[in-house]
Protein chains: 2
Amino acid sequence: MNLNALQKLGYGMYVVGSHKGDKLNAQIANTVFQITSEPPTVAVSINKQNLTNEYIKASGVFAAAILCQATPLPFIGGFGFKSGRDGDKLKGVSYKIGRTGAPIVTDHATAYLEAEVIQSVEVGTHTIFIGKIVAAEVLTEDTCMTYDYYHQVKRGTTPRTAPSYIPPEKGGKK
Amino acid sequence: MNLNALQKLGYGMYVVGSHKGDKLNAQIANTVFQITSEPPTVAVSINKQNLTNEYIKASGVFAAAILCQATPLPFIGGFGFKSGRDGDKLKGVSYKIGRTGAPIVTDHATAYLEAEVIQSVEVGTHTIFIGKIVAAEVLTEDTCMTYDYYHQVKRGTTPRTAPSYIPPEKGGKK
């Protein structure tokens, strides 16, 4: 079995945000995907340890900003390798509050969507939140960033809490 | 609300196969994604009308072949725009039977994985099958096809039964 096969699955790069009362948080995610077209629903997989998971469970809503290929690595790192428990990750970042109350990051975003959770599924370390889309807008026609581009060109790394993390001893990249 | 935002989500291109007894079937899918790393699990979203959905429910297993960027359009069309109910889609295609008994398409594949279903979730028109990975191999280092490449460069279209289908009257491409 060669788990490097998993690194060939294709994803985009997203900033997923939610809220708990007036507290806001957002994090990098690569697993946002459409499930049905009528009604339009999307799913997102979020580690149970993450503050965003707690906020989505509290509010029942999430927003996903779709990042452009030109997004700088430090911007991604700011949402991916630190926790909102240790500081305000949205400080210095352009965002707006959507109709769900979730923060929509607009810096480097080509489009966004907002969803209300209709089902959630616990799978080991992660929760899959399935949401009905209640808002969606296209912001730019810039090329979107793929997870592969992030790894190959940007030489980005994967935090231990990501669905796609592979420990180095099992063949994952350090 | 502009549902074209959904077309900016990133995916790969896969041939998902399963079996029902000694009957085999496979279909194109764009929603295969890793959910957890320990144990390694993946999910796939398959329309309930599709024969592959019926077969995955019957056998509790699926295989996913990850397609390379150079995959010809007619090859994709053969798995995407016709049903296994109307003929043997694997005729003339290279594949092998994996350890799960599911057919693994090897033509144009850069890697593959096989999974045993541990949970399934019905969401409107689709079923999300969540599977524990029991086999995975890398076949080539060719660039993988993204769903965006299929649409933009190959000018591929989306069948009505796909999760990402958007009716033309709602802004989808014809």
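Small disclaimer: the values here were computed from a predicted structure and weren't measured.
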Chemist: Pick from A:T110, A:N47, A:T31: which one has the most heavy-atom pairs with chain B under 4.5 Å?
Modeler: A:T110
Chemist: When rounded to the nearest 0.5 angstrom, what is the spacing between CD in A:E122 and CD1 in B:I130?
Modeler: 10.5 Å
Chemist: Cluster question for you: counting only ILVMFWY and a side-chain heavy-atom cut-off of under 4.5 Å, with indirect links fine, are A:V15 and A:L24 together?
Modeler: yes
Chemist: Is there a donor-acceptor contact under 3.5 Å from the side chain of B:Y11 to the main chain of A:Q34?
Modeler: yes
Chemist: What is the minimum heavy-atom distance between A:V121 and B:Q119, and which atoms define it?
Modeler: CG1-NE2, 3.2 Å
Chemist: Are B:V93 and B:L67 joined in one hydrophobic group, where the rule is that I, L, V, M, F, W and Y side chains link up if heavy atoms are under 4.5 Å apart?
Modeler: yes
Chemist: Any chain of hydrophobic side-chain contacts (each under 4.5 Å) joining A:I28 to A:Y147?
Modeler: yes
Chemist: Look at the side-chain heavy atoms of Ile, Leu, Val, Met, Phe, Trp and Tyr, link any pair under 4.5 Å apart, and say whether B:V134 and A:L3 land in one connected group.
Modeler: no
Chemist: Non-hydrogen atoms of chain B under 4.5 Å away: do they reach the side chain of A:I133, the backbone, both or neither?
Modeler: both
Chemist: May I have the step-by-step check of side-chain contact (heavy atoms from CB on, under 4.5 Å) for A:Y14 and B:L9, ending in yes or no?
Modeler: CA-CA 9 Å; A:Y14 313 99; B:L9 297 176; 3.5 Å; yes
Chemist: Given the rule in the side-chain contact (heavy atoms from CB on, under 4.5 Å) test, do A:L6 and B:L113 qualify, once you have shown the distances and angles that lead to the verdict?
Modeler: CA-CA 8 Å; A:L6 287 168; B:L113 51 89; 3.8 Å; yes
Chemist: Would you kindly confirm whether B:L51 and B:V117 end up in one hydrophobic cluster when ILVMFWY residues are joined by side chain heavy atoms under 4.5 Å apart?
Modeler: no
Chemist: When you look at NZ of B:K48, are more than 12 heavy atoms from neighbouring residues, nucleotides or ligands closer to it than 6.0 Å?
Modeler: yes
Chemist: Between A:E141 and B:K8, what is the shortest heavy-atom contact and its length?
Modeler: OE1-NZ, 3.3 Å
Chemist: Name the member of A:I128, A:T143, A:I118 that forms the most heavy-atom pairs with chain B at distances under 4.5 Å.
Modeler: A:I128
Chemist: Does NZ in B:K57 sit with more than 12 non-hydrogen atoms of other residues, nucleotides or ligands closer than 6.0 Å?
Modeler: yes
Chemist: Report the distance from atom CD1 of A:I66 to atom CD of B:Q7, rounding to the nearest 0.5 Å.
Modeler: 10.5 Å
Chemist: Count the heavy-atom pairs under 4.5 Å between each of A:T146, A:N30, A:T125, A:V138 and chain B, then report the option with the highest count.
Modeler: A:V138
Chemist: Can you tell me which portion of A:V42 sits under 4.5 Å from chain B's heavy atoms? Options are side chain, backbone, both or neither.
Modeler: side chain
Chemist: Grab the two heavy atoms, one from B:S45 and one from A:I35, that are nearest each other, plus how far apart they are.
Modeler: OG-O, 3.7 Å
